[in-house]
Structures are given as C-alpha cells and as structure tokens.
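Note that this is a predicted model, so its numbers are computed, not measured.
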Amino acid sequence: MLSQSIWVPIAFGVLVLAVGDRRTTLVKWLALLGSTVTFVITLELLAGFDTHTAAMQFVERVPWIPSLNIDYHLGVDGISLWFVLLTSFLTILVVISSWTNVHRRLAQFLGAFLIMDGLMIGVFCALDAILFYFFWEATLIPMFLIIGVWGGPRRVYATIKFFLYTFLGSVLMLVALLYLHFHSGGSFNLLTFQNTPLGLAAQTWIFLAFFLAFAVKIPMWPVHTWLPDAHVEAPTAGSVILAAVMLKMGAYGFLRLSLPITPDASHHLAWLMILLSLIAIVYIALVAIVQQDMKKLVAYSSIAHMGFVTLGFFVFDATAVEGGIIQMLSHGFISAAMFLCIGVLYDRMHTRDIHAYGGVANVMPIFASFMMLFAMGNVGLPGTSGFVGEFMVVLGTYQVNPWAAIIAATGLITGAGYTLWLFKRVMFGGVIHREVAALTDLNAQEFLVLGSLAVLTLLMGVWPAPFLDIVHTSVQHLLTQVAASKIPG
C-alpha cells in the first residue's frame, strides 16, 4: 500500500500530462480521481495501523541498486503516518480549489501537484537513505515549476531563491548520509544508522549537516528569508502545499534522522535549537505584525508557529514532542485554510493589500465565518486544533525549562495580535471600496474546500485523542533512543 500511495498519484500525474490541455474537463476529473484514489489508499493504512507497536509497519523492501547496497525500502510508524494522510488529503483540496481558477496550462499545473503528492509521501515513507534523499530533492522540481510558471510578477527571483536555499542545504545532508554509510558497515538503512556508534565530534558534524537541510526547509530563523518571497509569488495552491506539507518535511527530518542518529549531539546542541525556536516565535511574530500583504503576513506566521514545533522536539519531553507533532498537523490544516481564504479574496479583487479591503463580512458573511474560525485556530483558541499542539508544547517545555515556556507563551499573545488585526482590517467596518461592495460569497467549490478544513480544525480541537493515540508509542520509542548515548565505550 505504501508503494501504491507513492506511485498512483505519480502515474495519474503523468496521465494528466499526456492528455494535455486540449481536454481540460477530462484533465480535471482525472486529477480528482487520482488524488481521491490516493487518499483512499492512505485511509487503508490508517485502518490497518497497530497503535501498540513502535516498529515500522507496511514495510516493503526490495533491492534497488544491489551493487551499492541501496534498497527500495519503505515503512511508516506513528510519526510518519499522519503526514502521509495530510499530504494525500490536501492534494484533493488543491485539485478542487483549482477547478475554475487556473486558466493556463491546466494539465501541467494539476500534473505537477499529483507528481509532487507522490514524491512527498515518499519522503515520509522512505527508510533507505538514498531513497529518502531522492524523494527529498525530487519534490523541489514540481514546486520550482509551480512557482516559476504560475507565480506572480517576481516569480523567477522567488523560485531561484527557493531552489538555491533548499538545494544547497540538502547537499550537506547527502555528505552526512554518505559518512554514515561508510561507518555503518556499508548500509544505507536509516534504521541501521540509528544503531551505529558515533563519537560526539562526528555526531556534532552530522547534526549540523542535517540541521542546515532541515532548518532551511522548516524554515528556522535566520535561514527563513526565502519563504515569504516564495509564498507571495506562488499561486494559491502552491502556497497551500508549501506551507501545509513541505515545511513539515524539515521538522520530520529532525524526528527521523537528527534525534535518533545523533542523540548525544542533539542534547549537546539543544540550547541552540531552543534559542533559535524562541527567536522565531517572538521576533518573527513581530515582523508579521507590520506586513501589509496578507500572504506575507501568514507566511511569517508559519515561521513563528513552526518555532513551537522545534521547541517541543528539543526539550525532550514526551508531552512537548507529541505537542510538536500535533502542531505540525494543525498548522497543516490552518495554514492551508488561511492561504485558501486569501486566494478566495484574491480571485475576486486581484490584490492582497490589506488596505484594499474592509467590511468584507457585510457582503461575504459565510466566508467571514470560515475565516474567523481559521483565524481563531491560528491564534490557538481552545476548541480549535491550534490550541492543542501549542498548549502541549508550552506545558511540556515548562516542566523542563520554565523560562523558555514563558517566552514562548508571549508568542501566543503576539500571534493573537497580528491575526486578529488582520481579520479586523479585512472583515469589519463599513464598505468603503466599490470593489468590496461587489464581492460575492463562497461558491459550492469554495464552501466544500473550506468546510472540509473547518471540520478537521474543530475535530482535532475538541477530540485530539485519536491523533495522539497514533503518535504516542512511536514518540516514546524515539525518546528512549534519544536518551541512550551512542558514544563508543
């Protein structure tokens, strides 16, 4: 089933490209069918998942390049399963949201998203280092094209900046993987890497190599500057996948590679990770407040929210780590919804300038209700998914480092400031622009997409237990690995 979840969307993407733009209706339905079939396959993974073991499940392993001891090796645990589901689900919403909004090269647009769907799922399933690196780097290609072809006026600059930042960081990750290959008896198995003894100096260099790859992808301060540019220039669907899934790949890399492979270095450099996380939470939130472009504001808020994720991971507390994972999922729902809401307004007004709006709730009450829910989720209001993850991170952090928890909690206040101020300026007040007075409320397609995300935002907020049950055993196993020293002797 893991191979199916990877290659079915890629196959449909190639089919969509083959059909081309001459038959746009067929292209749309093929894209919807491919994304839906993939999601059904991933739901079968969830239905058959055993929550009582931390072992990899649905494992597939066959020789890929036998002469180099490289295998096609797949498997998922409680940490990776939810991200497979998140990726496949959001691809359906991307297809639906693009149904009437993309008027140029539709087949290539939808084909790129389907192919990227399979590649991103591959990142979360790969257990061979080279296979992981292959999927990791391959995801850059369709996103490069999506921003570069369908993006805004400065799309070339944003695309090249995005590609260079993420690619250069990943090259150092490849060097670290090759080092581990030679020091693990010639294996590329990530699980073997986790059991390979390493001195503190070697672990530190490997950790730093991984850090550059994963920190850029998240992104963490100070290697975050590519993200606002990429979001502003990307089409709405590109921003959705970039924020909701691709950023999670960086945080997932810390869980799958950095922490279990270099546990001593992770403890040794935890102070640095906590410091950078707190800077992201506090400083980037202040940067978000002064933004006048709605997309740029939400892009900066993503950096701040991901700061809670890395903070939770590096205090090595079970509650905080589980909270970080839940925060990743919640941010996937809420950031996707926020960018889709901005896309709804942009499709009607063709501007993202906050000052161009005002009084939207008077003419789009249904839309305003949805955006209010997602704004409250972005703030972390109890009852929404945004509260669960951030509360668990702050709670777990407080048990380890009260001052770090207090500083992080101030980020919740500033987060409420920029989110509510955005909502007030766009939604409330009188209608002072004729363009706003002419706006129409959500159509059926937009209602379906935003309604689906609203259900998930509320479901995780009021009933987080199913989400936590999946990750709990795997997190306990991960923390056991991190607590054990790998220094020889």
Side-chain angles (χ1 to χ4, degrees), residues 5-6 8-10 12-13 28 31-43 45-46 80-99 101-102 109-125 135 139 142-143 146-147 150 217 230-231 234-252 298-299 302 305-306 325-344 370 374 377-378 385-386 389 445-460 467:
S5 66
I6 294 169
V8 165
I10 292 176
F12 270 94
K28 293 176 184 178
L32 183 59
L33 177 62
S35 57
T36 303
V37 169
T38 305
F39 181 58
V40 171
I41 294 170
T42 58
L43 283 178
L45 295 172
L46 179 62
S80 53
L81 177 64
W82 280 124
F83 300 109
V84 173
L85 283 156
L86 177 69
T87 304
S88 62
F89 174 71
L90 288 177
T91 303
I92 298 177
L93 299 189
V94 161
V95 172
I96 297 173
S97 67
S98 306
W99 203 263
N101 298 335
V102 179
F109 185 82
L110 294 177
F113 277 104
L114 287 169
I115 292 171
M116 188 162 56
D117 180 18
L119 295 174
M120 291 187 298
I121 290 174
V123 171
F124 297 121
C125 297
F135 285 129
T139 59
M143 184 56 75
I146 288 165
I147 301 174
W150 292 275
K217 186 75 80 174
H231 272 307
T236 298
S239 291
V240 168
I241 295 299
L242 183 61
V245 182
M246 293 197 79
L247 271 60
K248 311 305 178 293
M249 288 165 48
Y252 174 78
V298 176
S302 293
H305 285 299
M306 291 302 291
I325 295 172
I326 295 300
Q327 172 68 0
M328 290 165 69
L329 292 172
S330 170
H331 182 261
F333 304 147
I334 294 173
S335 65
M338 292 293 287
F339 281 116
L340 286 166
C341 285
I342 294 170
V344 167
F370 275 120
F374 299 130
N378 204 48
S385 60
Q445 159 203 325
E446 293 164 341
F447 185 90
L448 174 62
V449 171
L450 294 179
S452 301
L453 290 168
V455 169
L456 288 171
T457 300
L458 291 172
L459 178 63
M460 180 181 280
F467 300 91

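Residues meeting the side chain to side chain donor-acceptor pair (under 3.5 Å) test with Ser330, sequence neighbours left out: Ser385. The side chain to side chain contact (heavy atoms under 4.5 Å, CB included) test applied to Ser452 returns Phe89, Leu93, Leu448, not counting sequence neighbours. Annotation: ring pair (Phe, Tyr, Trp, His ring centres under 6.0 Å) contacts of Phe333 (sequence neighbours excluded): none. Contacts of Phe109 classified as ring pair (Phe, Tyr, Trp, His ring centres under 6.0 Å), with partners at least two apart in sequence or in another chain: Phe113, Trp150. Remark: Phe374 engages no residue in a ring pair (Phe, Tyr, Trp, His ring centres under 6.0 Å) (not counting sequence neighbours). Shown here are the side chain to side chain donor-acceptor pair (under 3.5 Å) partners of His331, two or more places apart in sequence or in another chain: Lys248, Ser302. A search for side chain to side chain contact (heavy atoms under 4.5 Å, CB included) contacts involving Val37 returns Val8, Leu33, Ile41, not counting sequence neighbours. The side chain to side chain contact (heavy atoms under 4.5 Å, CB included) search around Ala251 returns Ile218, Met306, Val309, Phe313, Met328, not counting sequence neighbours. Here Ala112 pairs with Pro142, Ile146 under the side chain to side chain contact (heavy atoms under 4.5 Å, CB included) rule; sequence neighbours left out. In this structure, Thr38 has no side chain to side chain donor-acceptor pair (under 3.5 Å) partners at least two apart in sequence or on a different chain. Checked against side chain to side chain donor-acceptor pair (under 3.5 Å), Thr457 has no partners two or more places apart in sequence or in another chain.
To the nearest 0.5 Å, the span separating OG on Ser5 from CG on Asp117 amounts to 8.5 Å. To the nearest 0.5 Å, atom CD of residue Gln327 and atom NE2 of residue His305 are 6.5 Å apart. To the nearest 0.5 Å, the span separating CG on Leu86 from CE on Met120 amounts to 9.0 Å. Summarising the geometry, atom CG belonging to Leu85 is positioned 4.5 Å from atom OG1 belonging to Thr42; distances are rounded to the nearest 0.5 Å. With rounding to the nearest 0.5 Å, the separation of OG1 in Thr36 from CG in Leu43 is 10.5 Å. Annotation: the span from Phe39 atom CZ to Thr91 atom OG1 amounts to 10.5 Å, rounded to 0.5 Å.
Side chain of Glu446 to main chain of Val344: no donor-acceptor pair is present (N/O by atom type, distance under 3.5 Å, no hydrogens or angles). Between the side chain of Ser98 and the main chain of Val95, no donor-acceptor pair closer than 3.5 Å is present.
Leu32 is not listed as a side-chain neighbour of Lys28, based on a closest heavy-atom distance of 4.5 Å or more. Within the 4.5 Å cutoff, the side chain of Leu340 has heavy atoms near those of the Leu453 side chain. Side-chain contact between Phe124 and Leu81 is absent, with no heavy-atom pair separated by less than 4.5 Å. Side-chain atoms of Leu114 and Ile10, non-hydrogen and from C-beta on, never get closer than 4.5 Å to each other.
Closest approach of Ala31 and Leu110 over heavy atoms only: CB-CD1, 3.8 Å. In plain terms, the two heavy atoms of Met249 and Val123 that are nearest each other are CE-CG2, 3.9 Å. The nearest pair of heavy atoms linking Phe339 to Ala299 is CZ-N, 4.0 Å. Closest of all the heavy-atom pairs between Ile115 and Gly13 is CG1-CA, 4.1 Å. Of all non-hydrogen atoms in Ala336 and Gly332, the two that sit nearest each other are CB-O, 3.2 Å. Minimum interatomic distance between Cys125 and Ile6 (heavy atoms only, all atoms of both residues): CB-CD1, 4.4 Å.
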>> For a side chain to side chain contact (heavy atoms under 4.5 Å, CB included) check, start with the C-alpha distance between Leu46 and Trp82, then their side-chain angles and the critical distance, and finish with the verdict.
In response: CA-CA 8 Å; Leu46 179 62; Trp82 280 124; 4.1 Å; yes
Pairs of donor and acceptor atoms involving the side chains of residues 238-247, under 3.5 Å and at least two apart or interchain, shall be tabulated with distances.
| unit_1 | atom_1 | unit_2 | atom_2 | d |
| --- | --- | --- | --- | --- |
| Ser239 | OG | His231 | O | 3.2 |
| Ser239 | OG | His231 | ND1 | 3.4 |
| Ser239 | OG | Lys295 | NZ | 3.0 |

